There are 2 protein chains.
Amino acid sequence: MRSPTDAPENESRPSRREARRRQTRAEIIAAAWLLVRERGLAGLALRDLGGAVGMKAQSLYSYFESKADIYDAMFHEGYLAFAATIDELMAEIERDQPPGAEVLRRIAHGFFDFCTSDPVRYQLLFQRTIPDFVPSDESYGVAVASYEQFTEQMAAFGLTDPEVVDVWTALLTGLTDQQISNDPGGDRWARVIDQATDMFLAAYAPDLLDTTT
Amino acid sequence: MRSPTDAPENESRPSRREARRRQTRAEIIAAAWLLVRERGLAGLALRDLGGAVGMKAQSLYSYFESKADIYDAMFHEGYLAFAATIDELMAEIERDQPPGAEVLRRIAHGFFDFCTSDPVRYQLLFQRTIPDFVPSDESYGVAVASYEQFTEQMAAFGLTDPEVVDVWTALLTGLTDQQISNDPGGDRWARVIDQATDMFLAAYAPDLLDTTT
DNA sequence: GTCTATAATCTGATAGAC
DNA sequence: GTCTATCAGATTATAGAC
């Protein structure tokens, strides 16, 4: 099964074959994102995807078990990107201790921009609209970890009540959703993020709100 | 073309043939809703739909020009139901003059319940997730009229600033969206509607908020 | 208005040669 | 790992008999 030049799987440095395989997988996923942005999430066809990376559709099965497996890889990658975005925003919080209203506003913009910059990704990650797709345990784990990171963010502002966190997530996804659905490419709800954040702060953390402005 | 028993088309009373045709169309649409709730919005197959009403798929073309035409009829019917819901809530406002916080809370619950009671309908009406479907001018008109009715509702509370209305719609759709996506069938975000409404009122119409509770 | 027949096309997936 | 060949099925839609 394993050629002499291959390193054992549990070693940190992957074999050259493994490395190339990974790269090809990444290429395929990248091409899938492009296609999906053009023809919609459900419109992904393996024929087109194969063509986009210069191989026949059947050859994709050397890299992925099924079409659902491809969606899962996209889901996984999407949540890694989401986690990275949260990390960046987390760094902003730590830079500004104790965190004030301006940081929460930037967090709101960060989430909003992440979502609206790629509506199809938003659809895959946050909505349950693609039929019969259930993320694998591993991918789901990344998703759960992201959410926990998110609640940690809120805790940094002293907001630990789960119901308050739910109001905050509802507010953020609502702004995002309206932007994507009713003003795609525009900024109608982007313009309203700051005052929505202040509305939230006024109700749940009024002491963080600078009353001078 | 027209049998002697048929009334002219422009008369208010439709001919018996027209009446039956309409009824069959309504039956087809009703069956389509059932199917779509089971297999997803994009999973609607004309074969199944024909079977569900006891005819071959091809015969559906006597009632609808295309599959998109069927989606359009569903979209139309969905917005009529939405308009009816708004009307009911509007009646509540008029019953309680001047309208107070409790009425706005009931409006929020009304919208929330309308959406979450039928997630597929919500997807068709309020999200742009079904590929290549563009509502006809007539159906779109019903949708626009509903939105105008909605803004009138807000005006009854003295809330006329378009940006404030946008914050309100974001809040409502956010609660709805989170409920559908992250706790389908549950009540996690339903439980938080009242405090979210009060948060909104405190920021934009504090005088409506009863401070006793 | 409903049917049969069929067109024309797309789909994901497998077997096996090389 | 990539290919050819092919399966087995789905899809919407049209033509024409009755």
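Labels below follow one simple rule: chain letters A, B, ... track the order of the sequence lines, proteins then strands, and each chain is numbered from 1. Not measured: the values here are computed from a predicted model.
The stretch residues 47-69 of chain A touches DNA chain D through A/Met55, A/Lys56, A/Gln58, A/Ser59, A/Ser62, A/Tyr63, each having a heavy atom under 4.0 angstrom from the strand. Of the residues in residues 19-44 of chain B, those with a non-hydrogen atom less than 4.0 angstrom from any atom of DNA chain C are B/Arg21.
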Identify every side-chain donor-acceptor pair in residues 151-158 of chain B under 3.5 Å, counting partners at least two apart or on other chains, and give the distances.
from: B/Thr151; atom 1: OG1; to: B/Glu148; atom 2: O; distance (Å): 2.7

Expected list for residues 107-116 of chain B: side-chain donor-acceptor pairs under 3.5 angstrom, two or more places apart:
from: B/His109; atom 1: NE2; to: B/Asp194; atom 2: OD1; distance (Å): 3.0
from: B/Thr116; atom 1: OG1; to: B/Phe112; atom 2: O; distance (Å): 2.9

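Environment of CZ in B/Arg20: sparse, with no more than 12 heavy atoms of neighbouring residues, nucleotides or ligands closer than 6.0 Å.
Nucleotides of DNA chain C that come within less than 4.0 Å of any heavy atom of chain A span, from the 5' end to the 3' end, C/dT11 to C/dT14.
In this structure, the CG atom of A/Leu46 is 16 Å from the C1' atom of D/dT6, given to the nearest Å.
A donor-acceptor pair under 3.5 Å links the side-chain atoms of B/Gln179 to the main chain of B/Trp189, judged by distance alone.
Scored by the salt bridge (Lys or Arg N to Asp or Glu O under 4.0 Å) test, A/Glu38 finds no partners at all (sequence neighbours excluded). B/Arg128 is linked by a salt bridge (Lys or Arg N to Asp or Glu O under 4.0 Å) to nothing, counting only residues two or more places apart in sequence or in another chain. For the salt bridge (Lys or Arg N to Asp or Glu O under 4.0 Å) test, residues two or more places apart in sequence or in another chain that qualify with A/Arg188 are B/Asp166. The ring pair (Phe, Tyr, Trp, His ring centres under 6.0 Å) test applied to B/Tyr204 returns B/Phe200, not counting sequence neighbours. The salt bridge (Lys or Arg N to Asp or Glu O under 4.0 Å) check on A/Glu92 picks up A/Arg106, with sequence neighbours excluded.
To the nearest 0.5 Å, atoms CG (A/Asp177) and CG (A/Leu172) are separated by 12.0 Å.
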Stepwise side-chain hydrogen bond (donor to acceptor under 3.5 Å, both in side chains) check, A/Gln127 with B/Ser181 = CA-CA 5 Å; A/Gln127 295 177 328; B/Ser181 297; 5.4 Å; no
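Contacts classified as ring-ring contact (aromatic ring centres under 6.0 Å, His included) and involving residues 115-140 of chain B (residues at least two apart or in different chains) are given here: B/Phe75-B/Phe133, B/Tyr79-B/Phe126, B/Phe82-B/Phe126, B/Tyr122-B/Phe126.
Where the helix from C/dG1-D/dC18 to C/dC18-D/dG1 starts and where it ends, the local axes point in directions that differ by 0°; five pairs per end, rounded to 10°.
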